[in-house]
Amino acid sequence: MKPLFWLAGSLLMLIGIGFGYYSGISSENHPQAAKNAGQTVERKVLYYRNPMGLADTSPTPKQDSMGMDYLPVYENELPATDIVRIDSHKIQTLGVQTQAVKPQLLGREIRALASLEIDEARVFDISPRFEGWVSRLLVNTQGQEVDKGEVLFDVIIPNLYYAEFAYKQAVKKTLEAATAGPEAQRQAELQVVSTMERLDEMGIPLEEMERLQRGGEPFSQIPYRSPAIGVVMLKNIVQGTRFAAGDQLYQLADLSKLWLAIALPEQELGRIKVGDTLQVGFIAEAGKTRQAKVDFIYPTLDQNNRTFKLRALLDNADRKLKPGQSGEAWLQSQPRKTLAIPANALLDSGREQWVLVALGEGVFQPRQIQVGERNLDWIEVASGLSEGEQVVTQANFLIDSESRLQAALANFKPATATPAPTENQSNTEDHHHHHSMDSHSGMEH
């Protein structure tokens, strides 16, 4: 009977030890179970999570777009692997600082390649409305700069003498009709107007018509002057050239202002507007930047590379810039109000972006987020955070290292320990060891 009694007593003792251990664990993991059944334990809400399981959270109660309430997450409901706990002394040692997630006016710097083009509004074709022969060529080099009013060439116009002679005759008749009555006077004046219109249709320069009005004699050769300032971009004329009405003799371009053409990715549409200021630098002007304003955004998109084009008017009064030259332009996109975090709060692995959310009382939660626009100071939060949540901005890398260490320790499983040797085994092993050493020593001798 004694062995049976001893076995029953041992089983009861083991059951008691197991029950006590389970009660201790249960009480540790569920503090509220340790309270009296009649007491109400106030649980601390850490944050409110999206009811559909999305990454969005909120520090205060709210509803989603469908009107569903966000669900509270209590302190003792957070999985241990989801949080990092750091005591207050270590928080002070690490110098942890936090800042609230809040709306910011956020714009960002956009950089793009730019190229210089001729301003199409400053291009002039020299195509006379009369036929003639070049009797003397004065501007005879492509790339030559000319001023407005500068003589390009002298031209002989076969029909000019007869048109001017008709004008002189009409003027003479107005003088004779002064004593012939009102009707004769009116007819003579109409003749003068008609001959002047004929000269104007031929494209005879205004200065030549003014010479005739001052009493000058008809002439078949006149100087042809440049209608604008510019550089000769195209020249289809040589000494003695015979040309027909409408032939292009020169093309001039005023390079005092140039177009700066920039292609931007499709996603930048709507963030740039006419009037925005940009900066541009050129390789040939190292260390120097110029300023320009966006004056036109093209209405179509390049289907091949999904870019749109804009242009800015760039001052080139010093004529140092040349069409075709390339540079780098940078401009600020239009700021818009969006939820943002300080730039130093972001932990970026290259493929994923994280922040450490401070939940209070030394509890931190790593949170994966989606980011949008950014500048030097702020980063847009596309999803994963709510306004008012506190993110770590100082010592976040140290806390991240702490969380990785805690995770590693939680997963660490030590190897199965080898049973300690008995006293007899130990003595035997020592004796064997000394015997081996003595034998080995004897062999060496």
Side-chain angles (χ1 to χ4, degrees), residues 114-160 163 197-212 219-262 280 282 284-285 290-296 298 309-327 329:
S115 60
L116 289 175
E117 299 177 356
I118 295 173
D119 183 348
E120 293 175 4
R122 298 171 184 272
V123 176
F124 305 92
D125 272 346
I126 307 300
S127 302
R129 297 201 297 266
F130 51 79
E131 65 172 341
W133 284 266
V134 176
S135 59
R136 185 173 63 130
L137 186 63
L138 300 176
V139 176
N140 54 13
T141 306
Q142 189 169 330
Q144 185 174 342
E145 291 191 20
V146 297
D147 291 324
K148 184 177 181 179
E150 182 178 343
V151 177
L152 301 176
F153 55 90
D154 287 339
V155 58
I156 297 173
I157 308 172
N159 296 328
L160 179 59
E197 288 178 347
R198 171 62 180 152
L199 290 170
D200 184 57
E201 288 172 359
M202 291 174 61
I204 302 304
L206 180 61
E207 65 176 17
E208 177 64 13
M209 297 170 69
E210 290 174 346
R211 186 186 69 82
L212 285 174
F219 200 57
S220 61
Q221 178 173 299
I222 61 170
Y224 193 91
R225 302 178 184 275
S226 173
I229 186 173
V231 173
V232 178
M233 306 301 294
L234 184 66
K235 184 179 79 73
N236 295 322
I237 184 175
V238 294
Q239 182 77 31
T241 295
R242 180 186 184 280
F243 59 88
D247 284 353
Q248 184 188 48
L249 305 183
Y250 294 98
Q251 185 180 75
L252 306 180
D254 181 1
L255 304 183
S256 61
K257 292 187 183 296
L258 295 173
W259 280 352
L260 188 69
I262 305 169
V280 61
F282 298 94
E285 297 182 327
R290 296 183 182 236
Q291 185 171 294
K293 285 192 174 183
V294 177
D295 73 336
F296 188 74
Y298 288 82
K309 184 179 175 182
L310 61 86
R311 72 169 190 240
L313 196 60
L314 189 64
D315 184 70
N316 188 36
D318 56 8
R319 303 296 198 281
K320 290 185 178 180
L321 299 176
K322 313 299 180 188
Q325 203 170 339
S326 62

Exercise. Please assess Thr241 against Asp247 for the test side chain to side chain contact (heavy atoms under 4.5 Å, CB included), listing each intermediate value before the final yes or no.
Key: CA-CA 11 Å; Thr241 295; Asp247 284 353; over 6 Å; no
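For residues 116-141, no pair satisfies ring-ring contact (aromatic ring centres under 6.0 Å, His included), with sequence neighbours left out.
Proximity of Glu285 to Leu321: side-chain heavy atoms (C-beta onward) are separated by under 4.5 Å at one or more points. In this structure the side chain of Leu138 never reaches within 4.5 angstrom of the side chain of Leu152, judged on heavy atoms. Between Val238 and Asn140 the shortest side-chain heavy-atom distance does not fall below 4.5 Å. Within the 4.5 Å cutoff, no side-chain heavy atoms of Gln325 are placed close to those of Ser115. Here the side chains of Arg319 and Val231 are not in contact, with every heavy-atom distance at 4.5 Å or above. When side chains are defined from C-beta on, Val123 counts as touching Gln251, because their heavy atoms get closer than 4.5 Å. The side-chain heavy atoms of Val155 and Pro128, taken from C-beta on, include no pair separated by under 4.5 Å. Residues Leu212 and Leu199 meet the side-chain proximity criterion, which asks for heavy atoms closer than 4.5 Å.
A distance of 5.0 Å separates CG in Leu249 from CZ in Phe153, rounded to the nearest 0.5 Å. Between atom CD of residue Gln144 and atom NZ of residue Lys235 there is a gap of 9.5 Å, rounded to the nearest 0.5 Å. Atom CG of Asn159 sits about 9.5 Å away from atom CD1 of Ile204, to the nearest 0.5 Å. A distance of 11.0 Å separates CD1 of Ile222 from CD1 of Ile156, quoted to the nearest 0.5 Å. A distance of 9.0 Å separates CD of Gln142 from CG of Asn236, quoted to the nearest 0.5 Å. Considering CZ of Arg129 and CD1 of Ile157, their distance stands at 11.5 Å, rounded to 0.5 Å.
Scanning both residues, Ala329 and Ala114, for their nearest heavy atoms gives CB-CB, 4.1 Å. Listed here is the closest heavy atom pair of Ile126 and Tyr224: CG2-CE2, 3.6 Å. In terms of heavy atoms, Pro158 sits closest to Glu131 at CD-O, 3.6 Å.
Of the possible donor and acceptor atoms, none in the side chain of Glu145 sits under 3.5 Å from a partner among the backbone N and O of Gly230. Ser135 places a side-chain N or O within 3.5 Å of a backbone atom of Asp154 that can act as its donor or acceptor partner.
The pair Arg290-Asp318 meets the salt-bridge criterion, since a charged nitrogen lies less than 4.0 angstrom from a carboxylate oxygen. Using a cutoff of 4.0 Å between basic side-chain nitrogens and carboxylate oxygens, Arg311 and Glu117 are not scored as salt-bridged.
If you run side-chain contact (heavy atoms from CB on, under 4.5 Å) between Asp119 and each of Leu313, Leu258, Leu255, Asn316, only Leu313 comes through.
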